Amino acid sequence: MEAIIRLSAFFGILLIMIGWEFLRPRRKLQLRRIQRWPINLGLGLLNSSLLRIVAGGIAYQSAFTAAANSWGLLNLMVVPHWLAFLITLLFLDFAIYGQHVLSHKWSLLWRLHQIHHTDLDFDATTAIRFHPLEIIVSMAYKIFCITLIGADPLAVIAFEIILNGCAIFNHSNVYIAPAIDRKLRWLLVTPDMHRIHHSTIPVETDSNYGFSISCWDRLCRTYRTAPAKPHRVMDIGLASFRRRSELTFGRLLLLPFRALRRR
Ligand SMILES: [Zn+2]
């Protein structure tokens with residue numbers, strides 16, 4: 001049941017954002033969709049089937065295991081349910097922000113994370129372009145965090161839905177009026193905010209790490225308001241990976257095991 005709710009929310013939001021991209025795109029895409037979508041959707045499919053087979057619902061289950069064994073901070077204290085729910089959401093979101101920062105700073109994790117940044121365009125399908133090993137590392141880290149905090153199981157499901165939904169939203173190539181974007185950005189990471197993170201300019205890539213709520217970047221001073229070049233013409237991807245022939249499905253899977261390139 002938990003998987004059905006998660007998957008329906010995921011595909012529902014993905015379809016809405018793709019529809020929005022067609023109706024009101026923010027930028028003209030550099031490549032034709034057929035040149036990128038099979039790779040992004042292929043990685044998404046590979047990763048979701050891997051998680052289903054190897055670790056179906058494991059994040060959710062780990063919250064139950066922690067509760068049954070009184071592991072984790074929230075299971076050791078008497079906390080109202082609504083507060084445990086809220087603390088779980090905030091703690092997990094900050095933990096994911098921290099993991100993302102570390103993925104840029106630590107070369108071992110960057111080997112996996114760089115695949116996400118090699119996309120030469122930026123749209124809703126970029127949100128699922130991850131190396132399977134990064135998905136496995138992320139899941140292990142999430143289970144560690146869930147156990148540490150003694151996460152509320154319902155909040156874990158809510159968190160997964162919110163995180164996936166926000167990631168699809170903030171990677172979308174959709175136009176949002178600047179006045180609305182500015183207001184929305186006080187709470188959420190918007191596409192204009194996250195696109196800066198996909199710039200080829202390293203100082204821009206190393207900013208705006210948040211996925212859901214925008215406060216972590218402001219609090220940790222990694223927030224950047226605008227890219228150096230206007231959004232419509234800024235370059236997306238990594239400066240060291242510009243050739244499409246290097247970014248095929250097979251080559252991307254092998255990328256973590258090849259020599260690291262300077263960014
Ligand atoms: Zn990143």
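For ligands, and for the atoms within them, numbers begin at 1 and follow the listed sequence. Every value quoted in this text rests on a predicted model; they were computed, and no experiment measured them.
- With no hydrogens or angles considered, no side-chain donor-acceptor pair links Asp123 and His171 at under 3.5 Å.
- Cation-pi geometry between Arg218 and Trp186 is met: the NZ or CZ atom falls under 6.0 Å from the ring centre, inside 45° of the normal.
- Residue His113 approaches the Zn ion (ligand 1) most closely through its N/O/S atom NE2.
- Metal site remark for the Zn ion (ligand 1): His104 contributes an N, O or S atom at a distance under 2.8 Å.
- In the model, Ser70 has no side-chain atom that pairs as donor or acceptor with a side-chain atom of Asn75 under 3.5 Å.
- Using bins of under 30°, 30° to 60° and over 60° for the plane-to-plane angle, the ring pair Phe64/Tyr60 lands in the perpendicular bin.
- For the pair NE2 of His100 and NE2 of His197, the angle whose vertex sits at the Zn ion (ligand 1) is 80° to 10 degrees.
- Among the atoms of His117, an N, O or S atom falls under 2.8 Å of the Zn ion (ligand 1).
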